[in-house]
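Below, each value reflects all heavy atoms present in this structure, side chains not excepted, and no hydrogens, waters or symmetry copies.
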Amino acid sequence: MLIHKNTTLLLSMLIFGCHSQSSTTVESTPVQPGTPVSVTSIGTNPMTELVELNATSAFLQKTVVKSTANGYLRDCKIQLGQLVQKGQLLYSLQNKEASALGNLVETVDSTFHLNSLIQIRANQAGYISQLDQQAGDYVQDGEQLAVISEVNSFAFVLDLPFEMRRYLPHNRTVELILPDSSKLQATITSPMPTVDPVSQTQRYVLKISPQDRSKNLPENLIVRVLWVKSIKPKVISLPKAAILTNEMQSEWWVMQLINDSTAVRRTIQKGLESGEQVEILSPKFGLDDKILLSGNFGLPDTARVVVLFDPNSDNKQ
């Protein structure tokens with residue numbers, strides 16, 4: 001009877017020990033969680049390679065207002081920066097003889113009319129960009145009184161690197177981006193027949209529409225010109241956020257999703273860049289391939305992931 005009790009106690013201790021060891025083993029190997037990520041698909045869209053250049057606004061033609069006689073300016077009808085129309089009165093001039101003898105002679109013979117003023121008018125519409133003389137000043141015949149910047153001559157001047165001339169067929173009309181982010185369309189006219197000896201750039205005039213000229217854009221305004229280098233009708237591309245690189249930017253790669261929870265590293269070769277899209281030259285991805293868009297930074301070659309957002313899936317977590 002004593003032997004039977006000891007045997008039962010020993011078996012109970014062994015069974016309890018096995019259960020404890022099994023429980024400990026299960027608790028020590030938890031399932032590793034995945035990195036939360038979002039994915040994107042391969043795009044096949046037209047892509048244009050752009051280069052940003054600078055252009056400066058200018059009034060290409062300026063009219064000099066000159067005195068037509070020796071005398072005194074009795075009236076000045078203009079101010080600096082004022083917009084004047086063609087034929088508008090600018091100055092009233094009294095010649096030297098009339099100023100000195102006018103009142104005396106007319107008291108003897110009223111037919112002389114020496115007190116009549118000479119009117120000086122604008123030859124072109126534009127802005128008064130320079131004002132040299134005011135009322136009361138004595139001026140000589142042919143002396144400069146003011147300068148009018150002609151409205152219709154307003155344009156942008158582009159100093160184009162000579163090697164960029166081969167892309168002119170794609171750039172007969174270009175887009176201009178102003179400092180306030182507004183945009184204008186401009187047409188390229190004939191180039192100047194000279195090249196700057198230092199920068200080796202050739203000057204082109206970019207004309208804008210009359211509606212855009214009416215916006216009263218100032219002179220010497222620097223704008224960005226989007227210059228097209230090449231156009232490809234259909235390329236395989238990915239968003240820039242999906243592409244990773246090393247510190248030296250000598251190698252690029254993406255993280256490709258190969259199943260529901262595993263992403264692997266794929267080395268790529270880039271092509272054109274346009275906006276937020278980058279052309280992928282190799283490898284040849286399929287349209288159904290999934291590439292990590294966020295959460296991809298710092299992942300190892302093979303990583304466990306949890307897809308939180310897939311734009312082409314109905315199962316978005």
Side-chain angles (χ1 to χ4, degrees), residues 42-63 83 85-86 123-127 129 147-240 243 269-282:
I42 303 297
T44 54
N45 301 311
M47 184 170 289
T48 302
E49 184 179 13
L50 299 174
V51 176
E52 285 193 0
L53 304 173
N54 290 332
T56 306
S57 62
F59 290 97
L60 302 181
Q61 296 180 2
K62 297 185 178 182
T63 300
L83 176 63
Q85 302 300 325
K86 183 177 181 179
N123 293 329
Q124 295 291 338
Y127 294 95
S129 57
V147 176
I148 299 176
S149 297
E150 298 183 18
V151 172
N152 293 333
S153 70
F154 183 85
F156 289 88
V157 178
L158 170 66
D159 290 323
L160 182 68
F162 191 80
E163 64 271 16
M164 292 285 187
R165 291 204 329 161
R166 63 179 180 269
Y167 304 121
L168 276 173
H170 298 311
N171 294 278
R172 294 304 177 186
T173 300
V174 295
E175 186 175 61
L176 309 181
I177 302 179
L178 277 63
D180 61 357
S181 299
S182 60
K183 298 179 180 180
L184 300 175
Q185 296 294 320
T187 302
I188 295 182
T189 62
S190 301
M192 301 297 177
T194 58
V195 172
D196 184 272
V198 178
S199 62
Q200 289 297 289
T201 56
Q202 190 171 15
R203 181 158 292 185
Y204 285 79
V205 176
L206 311 181
K207 287 285 190 177
I208 60 177
S209 65
Q211 294 79 6
D212 291 330
R213 287 202 303 267
S214 65
K215 296 179 181 180
N216 299 330
L217 296 175
E219 193 173 21
N220 298 321
L221 179 68
I222 298 177
V223 300
R224 291 181 292 159
V225 181
L226 299 184
W227 190 261
V228 178
K229 289 185 64 176
S230 61
I231 301 175
K232 292 186 178 180
K234 188 175 181 180
V235 298
I236 295 176
S237 64
L238 283 171
K240 285 184 177 181
I243 299 175
Q269 290 185 354
K270 299 193 307 177
L272 299 182
E273 294 189 22
S274 178
E276 293 300 318
Q277 292 293 119
V278 178
E279 178 187 10
I280 306 301
L281 298 177
S282 67

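Between L53 and L158 the shortest side-chain heavy-atom distance falls below 4.5 Å. When side chains are defined from C-beta on, V205 counts as touching L60, because their heavy atoms get closer than 4.5 Å. Contact check for P179 versus L221: side-chain heavy atoms found under the 4.5 Å cut-off. Proximity of I188 to L206: side-chain heavy atoms (C-beta onward) are separated by under 4.5 Å at one or more points. Inter-residue side-chain proximity for E150 and K62 is flagged as unmet; no heavy-atom pair is nearer than 4.5 Å. In this structure, Y204 and D159 have side chains that are not in contact, with every pair of non-hydrogen atoms separated by 4.5 Å or more. Between Y127 and I148, every side-chain heavy-atom pair lies at or beyond the 4.5 Å cut-off. V223 has its side chain within reach of F156: a pair of non-hydrogen atoms, C-beta onward, lies under 4.5 Å apart.
Few gaps surround CG on N45; more than 12 heavy atoms of other groups in view lie less than 6.0 Å from it. I222 CD1: 12 or fewer foreign heavy atoms inside a 6.0 Å radius.
Separating the CD1 atom in I208 from the OG atom in S57 is a distance of 9.0 Å, to the nearest 0.5 Å. Note that the CD1 atom of I236 and the OG atom of S282 stand 10.5 Å from one another [nearest 0.5 Å]. For the atom pair CG of L50 and CZ of R224, the computed distance is 11.0 Å after rounding to the nearest 0.5 Å.
For the pair R166 (side chain) and E163 (backbone), a donor-acceptor distance under 3.5 Å is present. In terms of modelled atom types and a separation under 3.5 Å, the side chain of Q200 and the main chain of D196 share a donor-acceptor contact.
In terms of heavy-atom proximity, L184 sits nearest to K215 at CD2-NZ, 3.6 Å.
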Let me have the donor-acceptor pairs involving side chains of residues 225-233, under 3.5 Å, with sequence neighbours excluded, atom names and distances please.
residue: S230; atom: OG; partner: E49; partner atom: OE1; Å: 3.2
residue: K232; atom: NZ; partner: E279; partner atom: OE1; Å: 3.3
residue: K232; atom: NZ; partner: E279; partner atom: OE2; Å: 3.2

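When the side-chain contact (heavy atoms from CB on, under 4.5 Å) test is applied to E276, the partners found at least two apart in sequence or on another chain are K240. Not counting sequence neighbours, R165 has no partner by the salt bridge (charged side-chain N to carboxylate O under 4.0 Å, His left out) test.
If you check the side chains of Q61 and S153, you find no donor sitting under 3.5 Å from an acceptor.
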